[in-house]
Amino acid sequence: MNPPTETTTPVAVDFPPKELKKECADILSRYPTKMAACLPILLLAQKHYDGWVSPEVEAGVAEYIGVSDSHVRGVLSFYSMFNLKPAGKHEVWVCRTLTCWLRGAAKLRDTALEKAQAEKAGVVGEDGKFLVKNMECLGLCEVAPAVFIDGTAHTNVTNEKLVELMDACE
């Protein structure tokens, strides 16, 4: 039996920072409880903290909405739109469900990874510019294959079009 390992609890950031206080209050006003606002608060936090949620931010959000760190970690690890480590400046989501896959999404993913200089999906490319993610259904089956780049949907995407879209990212 191995001896227990020491774990350190992250020190929570003071959340929300002053520049997010009004937006957080607006979000909370739309929900019956603070816990119910967990997803939009986490999305706001991720956007504010350079595209990812660190353990310190996770702890700060948990404290703010009155839940355990493990509850927030469960949300973060369940939903693929959250990043638990530093992300690229731009995110490319490639749909990997059947319709998109049958219409060429596997090749799109490979093209995106090559353009991003990334070894695999979920890993930031060498230059830090792109994070390519495999995503479950983007809800655009009728215009497959689909990708999202920085939250904007693109449909009927070809490899050439994907390269153009990625080249257009500053």
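- The hydrophobic clustering, which links ILVMFWY residues whose side-chain heavy atoms are closer than 4.5 Å, places F78 and M135 together.
- Looking only at side-chain heavy atoms (C-beta outward), V53 and N83 stay at 4.5 Å or farther from each other.
- Other residues, nucleotides and ligands contribute only 12 or fewer heavy atoms inside 6.0 Å of the NZ atom of K161.
- In this view, D14 satisfies the salt bridge (charged side-chain N to carboxylate O under 4.0 Å, His left out) rule with no residue, not counting sequence neighbours.
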Go through the steps for H90 and E170 under the test side chain to side chain donor-acceptor pair (under 3.5 Å), then give the verdict. CA-CA 9 Å; H90 302 281; E170 295 181 3; over 6 Å; no
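- Counting heavy atoms from C-beta outward, L131 and V92 have side chains that stay 4.5 Å or more apart.
- Residue L98 is not grouped with residue V143 when hydrophobic side chains (ILVMFWY) are merged at heavy-atom distances under 4.5 angstrom, including chains of intermediate members.
- Here the shortest heavy-atom pairing between A12 and G60 reads CB-N, 3.5 Å.
- Within the 3.5 Å criterion, the main-chain N or O of P145 finds no donor-acceptor partner in the side chain of R103.
- What you find for P16 and L20 is that their closest heavy atoms are CB-CB, 4.1 Å.
- Interatomic distance, OG of S70 versus CG of L76, reported as 11.5 Å (0.5 Å rounding).
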Carefully, step by step, assess C24 and I41 under the rule side-chain contact (heavy atoms from CB on, under 4.5 Å). CA-CA 7 Å; C24 284; I41 293 290; 3.9 Å; yes
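- L42 CG to M81 CE: the interatomic distance, rounded to the nearest 0.5 Å, is 9.0 Å.
- Atom CD of E58 is separated from atom CD of Q46 by 12.0 Å, given to the nearest 0.5 angstrom.
- Using a 4.5 Å heavy-atom cutoff, the side chains of I149 and C169 are in contact.
- Applying the salt bridge (charged side-chain N to carboxylate O under 4.0 Å, His left out) test to R96 and every residue at least two apart in sequence or in another chain returns E136.
- The residues D69 and R73 are annotated as not salt-bridged, no charged nitrogen and carboxylate oxygen being separated by less than 4.0 angstrom.
- Few gaps surround CD on E56; more than 12 heavy atoms of other groups in view lie less than 6.0 Å from it.
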CA sep, side-chain torsions, deciding dist, call: F82, S77, side-chain contact (heavy atoms from CB on, under 4.5 Å): CA-CA 7 Å; F82 293 113; S77 62; over 6 Å; no
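- Among residues two or more places apart in sequence or in another chain, the salt bridge (charged side-chain N to carboxylate O under 4.0 Å, His left out) test is passed with K133 by none.
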Side-chain donor-acceptor pairs of residues 104-126 under 3.5 Å, sequence neighbours excluded:
unit_1	atom_1	unit_2	atom_2	d
T111	OG1	K107	O	3.0
T111	OG1	N159	OD1	3.0
K115	NZ	D167	OD1	2.3

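- A continuous path of hydrophobic side-chain contacts links I27 to I65 [ILVMFWY only; heavy atoms under 4.5 Å].
- The hydrophobic clustering, which links ILVMFWY residues whose side-chain heavy atoms are closer than 4.5 Å, places Y31 and F15 together.
- Judged as a side-chain contact (heavy atoms from CB on, under 4.5 Å), and not counting sequence neighbours, the contacts of C137 are T97, C141.
- With a 6.0 Å radius and a threshold of 12 heavy atoms from other residues, nucleotides or ligands, K21 has its NZ atom above the threshold.
- A distance of 10.5 Å separates CG of D127 from NZ of K89, quoted to the nearest 0.5 Å.
- Cluster annotation: L84 is connected to V13 through the hydrophobic network of ILVMFWY side chains, with a link wherever side-chain heavy atoms come within less than 4.5 Å.
- H71 is linked by a side-chain contact (heavy atoms from CB on, under 4.5 Å) to M35, V67, S68, V75, counting only residues two or more places apart in sequence or in another chain.
- When all heavy atoms of L138 and A146 are compared, the pair lying nearest together is CD1-O, 3.8 Å.
- Here the side chains of Y64 and C38 are not in contact, with every heavy-atom distance at 4.5 Å or above.
- The aromatic rings of F148 and W93 lie parallel to each other, with less than 30° between the two planes, well short of the 60° mark.
- Atoms CG and OG, from N134 and S80 in turn, are 9.5 Å apart once rounded to the nearest 0.5 Å.
- If you take OH on Y49 and CG on L44, they are separated by 9.5 Å, rounding to the nearest 0.5 Å.
- The shortest non-hydrogen separation linking A144 to C100 is CB-SG, 3.6 Å.
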